Amino acid sequence: MTDIPEKLTKPYDPASTEARIYKLWEDSGFFNPDNLPERHKEPFTIIMPPPNANGRLHAGHGLTIALEDIMTRYQRMQGKKALWVPGADHAGFETQVVYEKKLEKEGRSRFKMDRQELYNEIMAFTLDSKQHMEADVKALGASCDWSREKFTLDPSVVAEVQETFRKLYRDGLVYRGYRTVNWCTKHQTSLSDVETETAEKSDKLYYIKYGPFTVATVRPETIFGDVAVAVNPNDARYKSFIGQTIEVQHPEGKLSLVVIGDEEVDMEFGTGALKITPAHDHNDFRMSERHNLPRVEVIDQFGKLSEGTGKYEGMKIAEARTKVVEDLQALGLIEKIEDYTHAVPTCYKCATTIEPRVMPQWFVKMAPLAKMAADAVREGKVKFIPDNFEKIFLYWMDNTMDWNISRQIVWGIKIPALVCTGCNNGALDTDHKAGDACPSCGAPLVAESDTFDTWFSSGQWPLLALGYPEKRDLSFYPTDVMETGRDLIFKWIPRMVIFGLYLAKEVPFRTVYLHGMVNDKHGKKMSKSKGNVVSPIELTDKYGADALRIGLVIGNTPGNDIALAEDKIKGYKHFCNKMWNGARFTLSNIGDTTLDTPRPTLTERDEEILRELNVAIESITNHYENFRFHLAGEELYHYFWNTFADTIIEEMKPRLAGDDTASKDAAQWVLLQILAANIKMLHPFIPFVTEELWSLLPKKDSSLLIIEPWPKPF
RNA sequence: GGGCGAUUAGCUCAGUUGGUAGAGCAGCGCUUUUACACAGCGAAGGUCGGGGGUUCGAAUCCCUCAUCGCCCACCA
């Protein structure tokens with residue numbers, strides 16, 4: 001028996017190891033590619049999706065960190081100049097919602113606060129949350145370059161985001177539009193199409209006598225805003241009415257409405273005649289554009305009936321609907337009422353039904369940009385894993401609508417513009433100043449108070465994170481991999497491709513790796529209300545970051561959801577301990593053999609064992625190269641446990657205890673080499689325990705495992 | 001109304017280019033043998049959702065049906 005280090009005599013203890021090892025890595029400077037040894041030349045880059053700086057990491061982040069760190073560590077060991085840039089997202093609307101909930105609990109409201117005061121409070125909250133978030137990322141073992149960390153509200157980032165807006169404006173790709181937007185009456189802001197969800201809703205479909213027609217609607221309370229009635233020009237029943245003016249009665253009087261013909265009207269639905277309320281319906285708004293119709297607002301920003309609705313003024317929508325229907329019934333104007341289930345857009349944060357409102361806002365003209373992105377993908381400049389996500393991406397790019405980037409919230413990057421108090425035009429802050437006369441109508445301009453949609457800044461993230469445009473790190477651009485949740489395939493990925501192409505004339509990444517959602521152990525979505533949320537940090541505290549990482553990755557194929565069971569993580573803690581004990585056995589039986597000991601004469605069986613190891617190395621390396629980390633992990637797991645520990649070690653025991661010196665030397669050398677190769681290949685998955693074991697292996701150099709070259713076949 | 005994914009051992013899931021199925025956890029029996037009981041050895045457990053087809057051969061390719069889930073959608 002050889003003497004072994006004291007710590008190996010006890011079971012592996014992640015709690016007393018991980019923080020110490022992480023500090024070793026940080027102190028080494030190797031997270032920063034500039035500090036890597038000379039031989040690391042070719043860059044390999046991943047930009048971390050910046051976690052929201054408004055809370056702790058959740059299980060999905062755990063998977064992201066695990067996968068990205070696996071890639072980064074693997075490539076670093078392959079001799080790449082590996083760079084993984086961490087970041088933090090101010091997460092505009094998301095964070096403001098989080099903070100509003102906090103205010104609510106304290107009995108306060110953002111609407112009673114001074115804008116600057118609110119901003120300062122959220123900033124303090126965010127900076128505090130950011131520290132917790134970063135500590136969580138470190139606890140998971142992320143080998144990212146903290147010296148390059150960026151926050152989406154860093155002054156340089158803000159300046160660049162604003163500059164992008166100006167560039168888009170000058171290029172005619174951003175414009176001030178006056179049209180329906182998705183308005184959340186609770187949060188008092190407009191939202192983009194990806195910030196709404198559709199919810200099934202049971203409503204009534206009211207058939208209202210409407211001049212010579214009967215129209216079917218779920219929103220009788222908007223009747224005061226009706227400006228026309230539309231029929232399909234091919235509808236034999238109604239086409240003779242087109243162009244005529246009809247009289248429509250309602251509880252507050254009469255409307256004179258024009259009858260328009262529009263192909264978009266579905267002859268089959270309802271009665272085939274449609275009341276047109278351009279101010280409160282996207283569809284009707286577009287019709288009003290085509291037919292040059294006025295827009296009469298009858299619902300205000302709080303979801304209450306507004307001026308001009310007579311006795312209904314001030315009522316909430318639901319109440320007004322009931323009253324209007326009662327009154328219409330009293331007038332004999334309701335023909336029938338049917339039950340009706342349909343999908344309505346809701347605010348993705350509070351589930352409030354979205355109220356379409358016509359407002360002046362800033363829009364990005366998507367068609368040309370989306371085409372550019374779709375072309376690049378079709379040309380194969382971006383590869384998707386799994387590849388079926390390419391179809392989803394392309395579908396999205398082929399069906400874009402203009403992107404509303406105005407948010408009526410304080411928490412975010414200010415839109416660098418002026419808006420006219422008279423007409424609805426806007427101007428760049430570099431061309432005009434507040435108080436100037438509007439170039440269009442002469443009315444005074446005022447500073448825009450709206451902020452950008454968060455995705456406007458995060459869409460530029462790969463460039464911003466690399467210090468665009470001073471070009472500090474643009475040698476790392478385009479990056480190699482963008483790894484993120486599959487739910488971001490349409491929210492985030494397209495915007496990054498678009499901005500990358502628009503600003504830098506090059507796609508931001510070569511490969512998009514999408515992981516599935518991390519669900520609870522029964523495969524159900526985690527949510528606070530269900531109480532099934534599993535914290536990655538709690539699991540790390542309990543079983544070690546290594547166990548969590550490898551447990552999250554093995555058994556999970558790209559794009560598919562994963563069920564996170566605590567027992568599984570526990571199982572991989574056992575694996576870490578198994579490694580620990582395998583090392584303990586090896587180190588206590590190798591005599592004075594070290595990693596520097598030259599290859600002795602081996603037995604035929606030894607040669608066979610090494611040939612098998614070579615096959616494993618090749619296969620595992622291949623899995624790493626092809627993003628099949630779940631298979632790399634599984635094969636490593638089984639090689640170490642079943643082949644090395646259960647078979648090879650058991651087989652070597654008699655030789656180690658025997659008197660044949662040559663055979664013993666050979667056995668010692670083989671065991672140590674296999675152990676070292678396994679430690680290296682497992683390092684990306686379970687960096688802490690492997691680094692710790694590496695430090696205990698007998699060898700001349702005391703360099704860190706993190707920069708050890710990847711094993712080559714024997 | 002579209003699109004996508006899933007359907008494999010009790011549970012959660014793997015199975016890279018087709019060659020008579022694997023893991024983890026749970027469970028069963030035995031073993032405290034000086035690396036490890038966070039272990040070892042052994043046994044058990046599946047007609048790979050149904051039905052067709054291609055093939056010498058299919059969980060794996062094609063068609064179809066069913067069930068579940070997710071995403072998208074401006075028929076009021």
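Numbered from 1 within each chain, the chains take letters A, B, ... in sequence-line order. No experiment lies behind these values; they were computed from the predicted model shown.
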Side-chain N or O of A:K653 versus OP1/OP2 of B:rU34: is the shortest distance under 4.0 Å?
no
A:H638 NE2 to B:rA23 C1', straight-line distance once rounded to whole Å
5 Å
Among B:rG5, B:rA35, B:rC74, which is the nearest nucleotide to the side chain of A:N581?
B:rA35
Report yes or no: is there a donor-acceptor pair, N or O only, under 3.5 Å between the side chain of A:K568 and the base of B:rC25?
no
Is a donor-acceptor pair below 3.5 Å formed from side chain A:R486 to base B:rC70, judging by atom type as modelled?
no
Gap between atoms CG and P, on A:N556 and B:rG5 respectively (whole Å)
16 Å
Are any of A:H574's side-chain N or O atoms less than 4.0 Å away from OP1 or OP2 of B:rA39?
yes
Using the ring of each side chain (for Trp, its six-membered ring), is A:F224 parallel, tilted or perpendicular to A:H250, with breaks at 30° and 60°?
perpendicular
Who does B:rU20 pair with, Watson-Crick or G-U, both distances under 3.5 Å?
none
Carboxylate-amine/guanidinium proximity below 4.0 Å for A:K336 and A:E338:
yes
For atom CG of A:N642 and atom P of B:rG22, their distance in whole Å
13 Å
With under 30° as parallel and over 60° as perpendicular, where do the rings of A:F269 and A:Y340 fit, or are they tilted in between?
perpendicular
Nucleotide opposite B:rG69 in a Watson-Crick or G-U pair, distances under 3.5 Å
B:rC4
Whether the side chain of A:D567 and the base of B:rC25 hold a donor-acceptor pair under 3.5 Å is what I'd like checked.
no
d(CH2, A:W396; C1', B:rC70) in whole Å:
13 Å
Over-ring placement of A:R179 relative to A:F363, 6.0 Å and 45° cut-offs
yes
Please report the distance, rounded to the nearest Å, between CD in A:E650 and C1' in B:rC36.
10 Å
Pick the P atom in B:rA6 and in B:rC63, then give their distance to the nearest Å.
15 Å
Would you say A:S588 reaches B:rA35's phosphate, i.e. side-chain N/O to OP1/OP2 under 4.0 Å?
no
